[in-house]
Novice: 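Here it is, the structure in full.
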Amino acid sequence: MTDSTLELYVNDGLSDEEIDRQKAVYGPLTEDVRELIQLALQTRADADDVARAREHLAAAREILGQDREDGPYGTRFNDSGRFRNWGNAAIGLRNAIAPIAEIQEDGDGRVWADVHLGPIHEGPAGHVHGGVSALLLDQVLGDAARISGHPGMTGTLTIRYRKRTPLGALRVEAKLDRIEGRKAFVVGHVADAEGVCVEAEGIFIAPVWMVQQRDSFAETPRPE
């Protein structure tokens, strides 16, 4: 891993109380922006109302831009082991395009997430964009590897689109299949109420630095 990448893994020393405070402040802001993204797609407002709304948005940008960070959020953690990937495109608390709210797991290693994909995730008319399905599967399969104690970077992700995936309520599931050295093989799918829409197989490879870090912990830290 390069020095520039290492710099994005930061122990910022925040207390658990401060992390909870930030979640309470920035989480609702993200939800508001998420709603705005969909409204920008669906609004029928006339030109005058759009212009007025843009004035309010310009004021919001000015307020929020007064004190901001440069560059990606990265991965942050504190002394108690709370890892935060709040910029993550699939699950980031502060990323308004992230469709996954929470990763669930059960005792036998199965990992899943319930999501609701709306008009902003559309590809074929009325259906989910195939790239969005791939995003969801990459995240959940990777989490299955991590939660099983074998975190890694995506080496390959093989996707089979079995049928069109409708917009609406979906479940993404994954489970570790096997381990071969530093490679974790994971299988999973996206399903609607009528069955599996998309299947995937992923290989997640642990870099040497990640293996060393993993071995230094009693259990794999879980990002928020």
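A quick note: this is a predicted structure, and the numbers were derived from the prediction, not measured.
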Novice: Side chain to side chain contact (heavy atoms under 4.5 Å, CB included) for T165 and V132? Distances and angles first, verdict last.
Specialist: CA-CA 10 Å; T165 305; V132 175; over 6 Å; no
Novice: Can you list the other members of the hydrophobic cluster that holds L135, where links are side-chain heavy atoms under 4.5 angstrom apart?
Specialist: none
Novice: State, to 0.1 Å, how close I205 and G155 come at their nearest heavy-atom pair, and which atoms those are.
Specialist: CD1-CA, 4.1 Å
Novice: Rounded to the nearest 0.5 Å, what separation is found between the CD1 atom of I37 and the CD1 atom of I97?
Specialist: 7.5 Å
Novice: Could you tell me which residues satisfy side-chain contact (heavy atoms from CB on, under 4.5 Å) with E69, sequence neighbours excluded, listed by chain and number?
Specialist: R76
Novice: What distance separates R82 CZ from F77 CZ, expressed to the nearest 0.5 Å?
Specialist: 14.5 Å
Novice: Would D12 and R84 satisfy side chain to side chain contact (heavy atoms under 4.5 Å, CB included), going step by step from the backbone distance to the final call?
Specialist: CA-CA 11 Å; D12 54 17; R84 287 138 31 233; 2.3 Å; yes
Novice: If the threshold is 4.0 Å, N to carboxylate O, is there a salt bridge linking E31 and R34?
Specialist: yes
Novice: Just wondering, more than 12 heavy atoms not from R164 lying within 6.0 Å of its CZ?
Specialist: no
Novice: For residues R52 and D48, determine if any side-chain heavy atom of one lies less than 4.5 Å from a side-chain heavy atom of the other.
Specialist: no
Novice: Would N11 and D79 satisfy side chain to side chain donor-acceptor pair (under 3.5 Å), going step by step from the backbone distance to the final call?
Specialist: CA-CA 7 Å; N11 183 341; D79 292 337; 3.0 Å; yes
Novice: Test side chain to side chain donor-acceptor pair (under 3.5 Å) on N88 and Q139; report intermediate values, then the result.
Specialist: CA-CA 9 Å; N88 184 287; Q139 179 66 44; 3.3 Å; yes
Novice: How far apart are the closest heavy atoms of A184 and A145, and which atoms are they?
Specialist: CB-CB, 4.0 Å
Novice: List the steps and the verdict of side chain to side chain donor-acceptor pair (under 3.5 Å) for E62 and Q66.
Specialist: CA-CA 6 Å; E62 182 178 356; Q66 290 176 2; 5.0 Å; no
Novice: Compare all side-chain heavy atoms of D177 with those of E201 and state whether any distance is below 4.5 angstrom.
Specialist: no
Novice: So how far is it from Q104 CD to R110 CZ, rounded to the nearest 0.5 Å?
Specialist: 10.0 Å
Novice: Please name all residues satisfying side-chain hydrogen bond (donor to acceptor under 3.5 Å, both in side chains) with R178, sequence neighbours left out, ordered by chain then number.
Specialist: E180
Novice: Can a donor-acceptor pair be found, under 3.5 Å and without considering hydrogens, that links the side chain of R160 to the backbone of E199?
Specialist: no
Novice: W112 and I103: same hydrophobic cluster, using ILVMFWY side-chain contacts below 4.5 Å?
Specialist: no
Novice: Can you check whether T30 reaches R94 side chain to side chain, under 4.5 Å on heavy atoms?
Specialist: yes
Novice: Could you tell me whether K23 and D20 make a salt bridge, using a distance below 4.0 angstrom between a side-chain N and a carboxylate O?
Specialist: no
Novice: Run through the side-chain heavy atoms of Ile, Leu, Val, Met, Phe, Trp and Tyr, join any pair under 4.5 Å, and report what else lands in W86's cluster.
Specialist: L14, I19, Y73, L93
Novice: How far apart are the closest heavy atoms of D108 and K175, and which atoms are they?
Specialist: O-CE, 3.2 Å
Novice: Taking the side chain as every heavy atom from C-beta outward, state whether L117 and L136 have any atom pair closer than 4.5 Å.
Specialist: yes
Novice: Just jot down the side-chain contact (heavy atoms from CB on, under 4.5 Å) partners of T154, sequence neighbours excluded, or say none.
Specialist: D138, L157, F204
Novice: Treating N95 as the side-chain partner and G87 as the backbone partner, does any N or O pair qualify as donor plus acceptor under 3.5 Å?
Specialist: yes
Novice: List for me each residue that meets side-chain hydrogen bond (donor to acceptor under 3.5 Å, both in side chains) alongside T158, sequence neighbours excluded, and say none if there are none.
Specialist: none
Novice: Over all heavy atoms of both residues, which pair between L141 and G202 is shortest? Give the atoms and the distance, please.
Specialist: CD2-N, 3.5 Å
Novice: With rounding to the nearest 0.5 angstrom, report the CD to CG distance, E122 to L41.
Specialist: 8.0 Å
Novice: Could you measure the distance from the NE2 atom of H56 to the CG atom of L36? Nearest 0.5 Å is fine.
Specialist: 11.5 Å
Novice: For residues A45 and V50, report the shortest heavy-atom separation together with the two atoms involved.
Specialist: O-CG2, 3.8 Å
Novice: I need the I120 CD1 to L39 CG distance, nearest 0.5 Å.
Specialist: 10.5 Å
Novice: Do other residues, nucleotides or ligands put more than 12 heavy atoms under 6.0 Å from H127 NE2?
Specialist: yes
Novice: Between V172 and L137, is there a side-chain heavy-atom distance shorter than 4.5 Å?
Specialist: yes
Novice: Counting C-beta onward and ignoring hydrogens, is there a side-chain heavy-atom pair between L170 and V128 closer than 4.5 Å?
Specialist: yes
Novice: What are the two closest heavy atoms between G131 and Y161, and how far apart are they?
Specialist: N-OH, 4.4 Å
Novice: Flag the pair H189 / R162 as yes when at least one side-chain heavy-atom distance between them is below 4.5 Å, and no otherwise.
Specialist: no
Novice: Would you find a donor on one side and an acceptor on the other, under 3.5 Å apart, between the side chain of H121 and the backbone of G118?
Specialist: yes
Novice: Is it the case that one hydrophobic cluster holds both V33 and I100, taking links as side-chain heavy atoms less than 4.5 Å apart, direct or via other members?
Specialist: no
